[in-house]
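Here, residue 1 is the first one in the sequence, and each next residue gets the next number.
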Amino acid sequence: MSTTTRKSISKKQRALEILSRLKRLYPDATCSLNYTTTLQLLVATILSAQCTDERVNLVTPGLFSRFPDAPSLASADLTDLENLVRSTGFYRNKAKNIQAACRMIVSDYNSVVPNTMEQLLKLPGVARKTANVVLAHAYGINAGVTVDTHVKRLSQRLGLTKYPDPIHIEQDLMKLLPQPDWENWSIRLIYHGRSVCKARSPVCEACELADLCPSATKTIIVG
């Protein structure tokens with residue numbers, strides 16, 4: 001697609017074409033976090049803030065072997081929790097939020113992770129990113145678009161949003177993409193961000209989205 005064609009199609013048409021190509025490029029893309037229960041997915045997602053999924057996956061086996069469910073995490077010694085999650089960064093705040101969320105899950109939801117956005121957002125340490133991940137992967141509910149650092153960066157580079165904050169970015173993407181694809185869009189964009197459209201050195205010359213990306217020419221010239 002030429003630059004002229006890129007400018008002539010609507011933003012929604014461009015988003016749908018990007019989605020189609022991402023599906024072809026990453027057909028088997030799935031959540032990178034390891035978990036066996038909904039509660040473990042919730043905890044792992046909280047830990048993934050400002051941390052790689054790889055690091056989280058190194059930490060959670062030891063954490064979940066000691067504290068596999070909401071009741072055990074709710075009653076855990078906070079210092080033990082902090083030590084177990086220390087390497088994920090911001091460990092004191094993460095440990096505190098995980099324990100507080102689990103106490104609320106035990107007391108208010110009969111030890112079952114809730115399955116609505118409204119209820120999930122009441123849990124300490126849970127914002128829309130975490131709630132979207134849990135709803136999509138544990139309950140099959142596409143309530144929104146997960147916006148992490150990769151999704152934020154690529155959505156801006158691809159010209160699909162002008163906003164810097166995740167809330168507005170999510171709203172823009174929800175208008176452009178079919179609801180059934182909201183979560184797999186995020187996962188595939190994350191894969192693309194890790195492998196091609198990297199933060200400091202995007203490989204535009206090898207990117208199969210370059211002809212759809214208003215930032216590609218600039219990046220190639222600068223690089």
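- With T130 as reference, T45 is the one residue of L41, T45, V43 to meet the side-chain contact (heavy atoms from CB on, under 4.5 Å) rule.
- S186 OG to L177 CG: the interatomic distance, rounded to the nearest 0.5 Å, is 8.5 Å.
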**Asked** Where do L63 and L47 land on the side-chain contact (heavy atoms from CB on, under 4.5 Å) test, with the steps shown first?
**Response** CA-CA 11 Å; L63 174 65; L47 291 176; 4.0 Å; yes
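- Taken from CG in L22 to CD1 in I190, the straight-line distance is 11.5 Å, to the nearest 0.5 Å.
- Without hydrogens or angle criteria, Q156 side chain to Y163 main chain gives a donor-acceptor distance under 3.5 Å.
- One finds the CD atom of E54 at 8.5 Å from the CG atom of L58 (value rounded to the nearest 0.5 Å).
- A pairwise comparison of heavy atoms in V59 and L84 identifies CG1-O, 3.1 Å as the closest pair.
- D181 and N184 are linked by a side-chain donor-acceptor pair at a separation below 3.5 angstrom, with hydrogens and angles left out of the test.
- Under the 3.5 Å distance criterion, the side-chain polar atoms of R14 are matched with a main-chain donor or acceptor of L158.
- For N57 (side chain) and N34 (main-chain N/O), a donor-acceptor pair under 3.5 Å exists by modelled atom type.
- Applying the ring-ring contact (aromatic ring centres under 6.0 Å, His included) rule to Y109 yields no partners; only residues at least two apart in sequence or on another chain are considered.
- Closest approach of Y91 to V85, counting heavy atoms only: CB-O, 3.6 Å.
- Note that CG of L78 and CG of L73 are 11.0 Å apart. Values are rounded to the nearest 0.5 Å.
- Listed here is the closest heavy atom pair of C204 and A210: O-CB, 3.6 Å.
- You'll find the side chain of I105 reaches within 4.5 Å of the side chain of L42, heavy atoms only.
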**Prompt:** Checking side-chain contact (heavy atoms from CB on, under 4.5 Å) for the pair V151/L173: CA distance, chi angles, key distance, verdict?
**Reply:** CA-CA 10 Å; V151 175; L173 293 174; 4.0 Å; yes
**Request:** Kindly determine whether R92 and K96 satisfy side-chain contact (heavy atoms from CB on, under 4.5 Å), including the steps that lead there.
**Result:** CA-CA 6 Å; R92 288 193 177 92; K96 180 182 70 175; over 6 Å; no
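- Sorted by first and then second residue, the pairs that involve residues 192-211 and meet ring pair (Phe, Tyr, Trp, His ring centres under 6.0 Å), not counting sequence neighbours, are Y26-H192.
- In terms of heavy-atom proximity, C197 sits nearest to R157 at SG-NH1, 3.1 Å.
- Taking CG of D53 as the reference point, atom CZ of R55 lies at 12.5 Å (rounded to 0.5 Å).
- Taking both residues in full, the closest heavy atoms of S75 and Q99 are given as C-NE2, 4.2 Å, listed atom of the first, atom of the second, then distance.
- Between atom CG of residue L123 and atom CG of residue N97 there is a gap of 10.0 Å, rounded to the nearest 0.5 Å.
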Show me the side-chain donor-acceptor pairs of residues 139-146 shorter than 3.5 Å, one per line, residues at least two apart or across chains.
{"from": "Y139", "atom 1": "OH", "to": "V113", "atom 2": "O", "distance (Å)": "2.4"}
{"from": "N142", "atom 1": "ND2", "to": "P180", "atom 2": "O", "distance (Å)": "3.4"}
{"from": "T146", "atom 1": "OG1", "to": "E183", "atom 2": "OE1", "distance (Å)": "2.8"}

**Prompt:** Under the side-chain contact (heavy atoms from CB on, under 4.5 Å) criterion, do Y191 and S32 qualify, and how do the steps go?
**Reply:** CA-CA 10 Å; Y191 274 57; S32 299; 4.2 Å; yes
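- Smallest separation of non-hydrogen atoms from A131 and L121: CB-CD2, 4.3 Å.
- K94 contributes a side-chain N or O that, together with a main-chain N or O of G89, makes up a donor-acceptor pair within less than 3.5 Å.
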